[in-house]
Amino acid sequence: MKRLGIIGFALALTLLLPFGPALAAEVRISAAGSLTDAIKELVEGYRQSHPEVELLPNIAASGALAKQIIVGAPADIFISANPKWMEYLQQKGLIAAGSEQVLLFNSLVLVGPPESSVRSLQDLPALQRIALGSPQSVPAGKYTEQALTAAGIYPQLLAERKLVLTKDVRQALLYADRGEVGGAFVYRTDALLAKQARILLAVPQELYPRINYPAALTEAGADNPAAQAFFRFLFSAEAQRIFRNHGFLTP
């Protein structure tokens, strides 16, 4: 009986003690698709120095991420490739007040086959197919729409059905890299990842708003100390260096 009593006490004590994985703090990061490689490197490095924190990135088009958060998808940090979607979540009361900051800058380019004769936006009507992210949900696509409209050729390209809308920037880049389109509008940072396609031209900055990436804590993230710590890390010299290595401009 004495032995059974000791065993019972030990089992009860074991049940009361927390298991290791339950102690891990979780940080859910919703980040724009064009940040894929940079976020992956940041997460891997941060995990090595903070093994007690489980980082869970969710990478997709900014609009898709915002809509996920609206319907209840868990997120502690939101990084958008367009202020529009940050403002959208702010209006819904889902962003922690005062936490939004500009994290990065980018620029828009056209990529395509090296032998392409395209040298300006006015040469685009000569192409059969041009890929861009859907302007409704992909910030790079919206910037492209604004630039082509300002250049006076967007209505023509639409009417002639030359535009191939993609779910995100990476898909547009893939189409160009495979030679499935004559050109694709992507961020300069994405263009650096192309294997076959090359930058044909940089879209004049005066044709579209400057591309900035706002980052913020969500209401849930503001109550998560681990999320607050990783959010501060994003603005550290170490993280900013990694972003620059991936072609981004930092404030």
Side-chain angles (χ1 to χ4, degrees), residues 18 20-70 72-107 139-140 168-169 187-190 192 209-251:
L23 292 176
E26 289 187 349
V27 179
R28 297 181 182 273
I29 309 152
S30 291
S34 51
L35 293 166
T36 300
D37 297 294
I39 290 294
K40 180 180 179 181
E41 184 175 346
L42 287 168
V43 165
E44 289 177 351
Y46 196 82
R47 281 171 175 162
Q48 292 178 10
S49 56
H50 298 78
E52 76 285 0
V53 178
E54 185 174 4
L55 299 174
L56 303 170
N58 178 22
I59 309 295
S62 300
L65 293 171
K67 292 172 183 177
Q68 289 173 15
I69 294 173
I70 285 288
D76 295 299
I77 296 170
F78 177 52
I79 310 174
S80 176
N82 189 322
K84 165 189 172 182
W85 294 109
M86 185 64 73
E87 293 167 4
Y88 180 65
L89 292 184
Q90 286 174 328
Q91 292 169 2
K92 299 292 184 179
L94 297 172
I95 296 298
S99 68
E100 180 195 348
Q101 298 181 58
V102 174
L103 179 63
L104 304 164
F105 295 106
N106 212 333
S107 60
D168 54 32
V169 180
Y187 293 124
R188 179 176 290 278
T189 49
D190 293 296
L192 299 178
R210 187 174 188 186
I211 300 171
N212 68 75
Y213 289 66
L217 289 164
T218 64
E219 284 291 302
D223 292 328
N224 182 346
Q228 295 172 23
F230 185 75
F231 186 73
R232 290 192 297 270
F233 168 72
L234 291 174
F235 294 88
S236 69
E238 179 185 353
Q240 295 281 292
R241 175 185 57 78
I242 291 173
F243 282 126
R244 286 193 296 272
N245 288 344
H246 286 273
F248 291 96
L249 298 174
T250 54

If you measure from [atom1] on [X] to [atom2] on [Y], what distance do you get to the nearest 0.5 Å?
{"X": "Asn245", "Y": "Thr189", "atom1": "CG", "atom2": "OG1", "result": "13.0 Å"}
{"X": "Glu100", "Y": "Leu89", "atom1": "CD", "atom2": "CG", "result": "10.5 Å"}
{"X": "Tyr187", "Y": "Ser34", "atom1": "OH", "atom2": "OG", "result": "5.0 Å"}
{"X": "Glu44", "Y": "Arg47", "atom1": "CD", "atom2": "CZ", "result": "7.5 Å"}
{"X": "Ile69", "Y": "Tyr88", "atom1": "CD1", "atom2": "OH", "result": "11.0 Å"}
{"X": "Phe243", "Y": "Leu234", "atom1": "CZ", "atom2": "CG", "result": "5.5 Å"}

Are [X] and [Y] packed together at the side-chain level, in the sense that at least one heavy-atom pair is separated by less than 4.5 angstrom?
{"X": "Thr218", "Y": "Leu94", "answer": "no"}
{"X": "Asn212", "Y": "Leu104", "answer": "no"}
{"X": "Met86", "Y": "Ser62", "answer": "no"}
{"X": "Leu35", "Y": "Ile59", "answer": "no"}
{"X": "Gln90", "Y": "Ile95", "answer": "yes"}
{"X": "Leu103", "Y": "Gln240", "answer": "yes"}

Between the side chains of Gln68 and Asn58, does any donor sit under 3.5 Å from an acceptor?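 Yes, side-chain donor-acceptor contact under 3.5 Å.
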Exercise: identify the closest heavy-atom pair between [X] and [Y]:
{"X": "Ala140", "Y": "Val169", "answer": "CB-CG2, 3.4 Å"}
{"X": "Val102", "Y": "Pro251", "answer": "O-CG, 3.5 Å"}
{"X": "Pro83", "Y": "Pro214", "answer": "CA-CG, 3.9 Å"}
{"X": "Ile39", "Y": "Pro57", "answer": "CG2-CB, 4.2 Å"}
{"X": "Ala227", "Y": "Val27", "answer": "N-CG2, 3.6 Å"}
{"X": "Trp85", "Y": "Ser80", "answer": "CB-OG, 3.8 Å"}

So does Phe105 get a backbone contact from the side chain of Arg210, meaning a donor-acceptor N/O pair under 3.5 Å?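 Absent.
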Main-chain N/O of Ala215 paired to Gln101 side chain as donor or acceptor, under 3.5 Å: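 Pair absent, no side-chain N/O of Gln101 close to backbone of Ala215.
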How far apart are the C-alpha atoms of Leu65 and Phe78, what are their side-chain angles, what is the distance that settles it, and do they pass the side chain to side chain contact (heavy atoms under 4.5 Å, CB included) test? CA-CA 8 Å; Leu65 293 171; Phe78 177 52; 3.9 Å; yes
Mind checking what makes ring-ring contact (aromatic ring centres under 6.0 Å, His included) contact with Phe248, not counting sequence neighbours?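 Here the qualifying residues are Tyr213.
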Could you pull out all residues at least two apart from Phe235 that satisfy ring-ring contact (aromatic ring centres under 6.0 Å, His included)?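 Result, ring-ring contact (aromatic ring centres under 6.0 Å, His included) vs Phe235: Phe231.
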Lys40, NZ: over 12 other non-hydrogen atoms inside 6.0 angstrom: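 12 or below, so no.
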Under 30°, 30 to 60°, or over 60°: which ring-plane class applies to Phe230 and Phe233, parallel, tilted or perpendicular?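 It falls in the tilted class, 30° to 60°.
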For Arg28, salt bridge (Lys or Arg N to Asp or Glu O under 4.0 Å) partners two or more places apart: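 Partners of Arg28 under the salt bridge (Lys or Arg N to Asp or Glu O under 4.0 Å) test: Glu26.
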The test is side chain to side chain contact (heavy atoms under 4.5 Å, CB included); show your working for Ile77 and Leu217 and say whether it passes. CA-CA 5 Å; Ile77 296 170; Leu217 289 164; 3.9 Å; yes
